[in-house]
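Since the structure comes first, as C-alpha cells, the remarks are kept for the end.
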Amino acid sequence: MSDNKGCIKCGSMDADKKEVAMTGTGLSKMFDMQHNQFIVVYCKDCGYSEFYNKRSSTGSNIIDLFFG
C-alpha cells in the first residue's frame, strides 16, 4: 500500500511536472533575464500547483514531495 495521500485539494493521484524559468526584480526584470528556475508539480485533475526551487531540490522524485 502506498503512503501517498494524493493532491491536498482534490485527493487525485494524477500529477505531472514541468520546468519553468522566471525573471527576478531590478535589472534581471528589465533585461528579461530568467535565471530563477523552478520545477512545478501540478494536479492533472484540479490544477493545484506547487513550485520547487530547481537548485535546492533533492535527488528524490519531486512528485513524492507534492503528495506528502
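We number each residue from 1, following the sequence as shown.
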Measure across [X] and [Y] and return the closest heavy-atom pair with its distance rounded to 0.1 Å.
{"X": "I39", "Y": "E19", "result": "CG1-CG, 4.2 Å"}
{"X": "Y48", "Y": "I8", "result": "OH-CD1, 3.4 Å"}
{"X": "C46", "Y": "K9", "result": "SG-CB, 3.9 Å"}
{"X": "Y42", "Y": "K17", "result": "CE2-N, 4.0 Å"}

When rounded to the nearest 0.5 Å, the distance separating CD of E50 from SG of C7 is 8.5 Å

